[in-house]
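Notes for the one structure printed next.
When a ligand or atom number is given, it counts from 1 through the structure's own listing order.
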Amino acid sequence: MAKKIKGYAAKSEKSPLAPFTFERRDVLENDVQIEILFCGICHSDLHSARNEWKNTLYPIVPGHEIVGKVTAVGSKVKSFKVGDLAAVGCLVDSCRTCSYCEQSLEQYCENGFVLTYNGIDKRHGNSITYGGYSTQIIVDEKFVLHVPKKFKEKDLPGVAPLLCAGITTYSPLKHWKVGKNSKVGVVGLGGLGHMAIKLAHAMGAKVVLFTTSKNKVEDAKRLGADEVVLSKDANEMKKHLRSFDFIINTVAAAHNLDPYIELLKSDGTLCLVGAPPTPHPSPNVTNLIFGRRSLAGSLIGGLKETQEMLDFCAEHSITSDIEIIPIQKINEAYERMLKSDVKYRFVIDSASFKNEALEA
Ligand code: NAP
Ligand code: ZN
Ligand code: ZN
């Protein structure tokens, strides 16, 4: 019999998140059952809960930055045992046979991946997937990550956001070969942005943060930025014309991209990872043509690279800067995230679910 699980869900785009009881499947032979300890709150959770991307299936239980402890494994599971720490990111399945899946680029699966929440789980009766704003999750072993042993128990809340904010910034930094001779720009200091600064700095790059928030300047330097530019100040922006190899843009709202494209060297790339609900104004083509500059995008990362990112973070003692909240504060956290009032990721302490009743 499937077990009842406590979670928090939004039932429509206008309703706040509220307690929600649901069932998870039984543990199948390849499954890992995880008791969730911590789950990060990504801006994508908010976009999805409020149907800002117009693709939400209700009720929605968001959460794709999951760290927990293994409480059961199926008979064929080889790499996890009960008591191990485990992590789950944005994906819980993909076709596993297309050319992208074969290269562990599951995020670009030709036949459609299965998202951790708001996904349709084709292998399990086309059920809707429910994410980490809950006490337990059951995931096929292939989509479960190992938490490196170097991380101590006290690090675990700060490890959770690596599963989305970490990999979403690590993957493009690696793809565009950021290293010690690179000058890298990071646009927006939120959950993704602060991870981009830490990671690019650890890769040896010179890092410049572009922010709209004056009060983040000192903090950005503490996180590893060599310089901070207030993006609304045209004179400050001008000082960096044609000087960047790579800029990663994490902003969650539509804005003019031209001022950033102008800062790229020839052959430089502006990579968009922020996914605003409305389109950016179309950029000026001349800026791209003169200088052979590229405008690109990047989606999370595959399983192999996500494990590589976790190992890299453990090696460099990198975790996310977080504020821990009980699940009961989730709606407040969303409002504060919208005001950029968090340094720099909210993380749910799943122990707080004990204060919720299981619905009959
Ligand atoms: P977040 O913590 O809310 O950070 C976004 C940052 O963008 C803010 O801290 C702010 O930085 C800046 N910003 C927000 N509104 C702005 C505006 N109107 N004008 C200029 N700057 C603004 O969000 P997040 O969790 O990092 O996520 C960022 C975006 O990435 C979201 O759209 C999310 O859905 C998307 N995302 C994409 C992927 C992917 O695979 N591509 C994965 C995860 C998330 P400053 O105060 O420094 O200006
Ligand atoms: Zn995310
Ligand atoms: Zn595939």
Quiz item: Tell me, which protein N/O/S atoms are under 2.8 Å away from the Zn ion (ligand 3)?
Solution: C95 SG, C98 SG, C101 SG, C109 SG
Side chain or backbone, does [X] bring an N or O within less than 3.5 Å of an N or O on ligand 1?
{"X": "L192", "value": "yes"}
{"X": "S213", "value": "yes"}
{"X": "G188", "value": "no"}
{"X": "G191", "value": "yes"}
{"X": "V273", "value": "yes"}

Quiz prompt | Straight-line distance of E305 CD to H175 NE2, nearest 0.5 Å | solution = 9.5 Å
Practice problem: Starting at CD1 of I348, measure out to CZ of F353 and round the result to the nearest 0.5 Å. | Solution: 6.0 Å
Just by modelled atom types, is the [Y] backbone N or O under 3.5 Å from a matching donor or acceptor in the [X] side chain?
{"X": "K4", "Y": "L358", "value": "no"}
{"X": "E323", "Y": "K343", "value": "no"}
{"X": "S94", "Y": "E106", "value": "no"}
{"X": "Q136", "Y": "I34", "value": "no"}
{"X": "S134", "Y": "G131", "value": "yes"}

Numbered atoms and elements of ligand 1 in range of [X], under 4.0 angstrom, heavy atoms:
{"X": "T211", "result": "45 (P), 46 (O), 47 (O), 48 (O)"}
{"X": "L299", "result": "40 (O)"}
{"X": "M337", "result": "3 (O)"}
{"X": "I300", "result": "39 (C), 40 (O)"}
{"X": "K216", "result": "9 (O), 11 (O), 45 (P), 46 (O), 47 (O)"}

Do [X] and [Y] sit in one hydrophobic cluster, given that two such residues count as connected whenever their side-chain heavy atoms are within less than 4.5 Å of each other, even indirectly?
{"X": "I120", "Y": "Y108", "result": "no"}
{"X": "I137", "Y": "I41", "result": "no"}
{"X": "L257", "Y": "V186", "result": "no"}
{"X": "I327", "Y": "I66", "result": "no"}

What is the closest protein heavy atom to [atom], and at what distance does it sit?
{"atom": "atom 11 (O) of ligand 1", "result": "L189 N, 3.2 Å"}
{"atom": "atom 43 (C) of ligand 1", "result": "C164 SG, 3.3 Å"}
{"atom": "atom 48 (O) of ligand 1", "result": "T212 OG1, 2.5 Å"}
{"atom": "atom 25 (O) of ligand 1", "result": "R345 NH1, 2.6 Å"}
{"atom": "atom 5 (C) of ligand 1", "result": "T250 O, 4.1 Å"}
{"atom": "atom 23 (O) of ligand 1", "result": "H43 CB, 3.2 Å"}
{"atom": "atom 17 (C) of ligand 1", "result": "A253 CB, 3.8 Å"}
{"atom": "atom 4 (O) of ligand 1", "result": "G190 CA, 3.3 Å"}

Quiz item: Are side-chain heavy atoms of R123 and D93 found at a separation under 4.5 Å?
Solution: yes
Using a 6.0 Å cut-off, check whether atom [atom1] of [X] has over 12 heavy atoms from anything other than its own residue.
{"X": "H201", "atom1": "NE2", "answer": "no"}
{"X": "K69", "atom1": "NZ", "answer": "no"}
{"X": "E359", "atom1": "CD", "answer": "yes"}
{"X": "Y58", "atom1": "OH", "answer": "yes"}

Relative to ligand 1, is [X] under 4.0 angstrom through side chain, backbone, both or neither, heavy atoms considered?
{"X": "S340", "value": "side chain"}
{"X": "W53", "value": "side chain"}
{"X": "H255", "value": "neither"}
{"X": "S44", "value": "both"}
{"X": "S298", "value": "backbone"}

Practice problem: Indicate the atoms forming the closest heavy-atom contact of A196 with L173, along with that distance. | Solution: O-CD1, 4.1 Å
Quiz item: Which heavy atom of V207 sits nearest a heavy atom of G224, and at what distance?
Solution: CB-O, 4.1 Å
Quiz item: Should K238 and D233 be marked as a salt bridge (charged side-chain N to carboxylate O under 4.0 Å, His left out) after you check the CA-CA gap, both sets of side-chain angles, and the distance that decides it?
Solution: CA-CA 9 Å; K238 260 196 204 141; D233 183 334; over 6 Å; no
Quiz item: Does the ring centre of F20 sit less than 6.0 Å away from the ring centre of Y8?
Solution: no
Exercise. Would you sort out whether Y117 and Y130 count as a ring-ring contact (aromatic ring centres under 6.0 Å, His included), showing the intermediate values?
Key: CA-CA 5 Å; Y117 63 81; Y130 293 136; over 10 Å; no
Self-check item: Member of I60, I36, V61 meeting the side chain to side chain contact (heavy atoms under 4.5 Å, CB included) criterion with Y133
Solution: V61
Practice problem: Using heavy-atom distances, let me know which of S231, G89, G274, A252 sits nearest atom 30 (O) of ligand 1. | Solution: G274
Quiz item: If you measure from atom 39 (C) of ligand 1 to every heavy atom of T168, I167, V251, which option wins on shortest distance?
Solution: T168
Quiz item: So is Y334 close enough to ligand 1, meaning a heavy atom under 4.0 angstrom away?
Solution: no
Quiz item: Below 4.0 Å from any atom of ligand 1, is there a heavy atom belonging to Q107?
Solution: no
Practice problem: Check the Zn ion (ligand 2) and write out every protein N, O or S atom at under 2.8 Å, as residue and atom. | Solution: C42 SG, H64 NE2, C164 SG
Practice problem: Find out whether the Lys NZ or Arg CZ of K183 is both under 6.0 angstrom from the six-membered ring centre of F244 and within 45° of the ring's axis. | Solution: yes
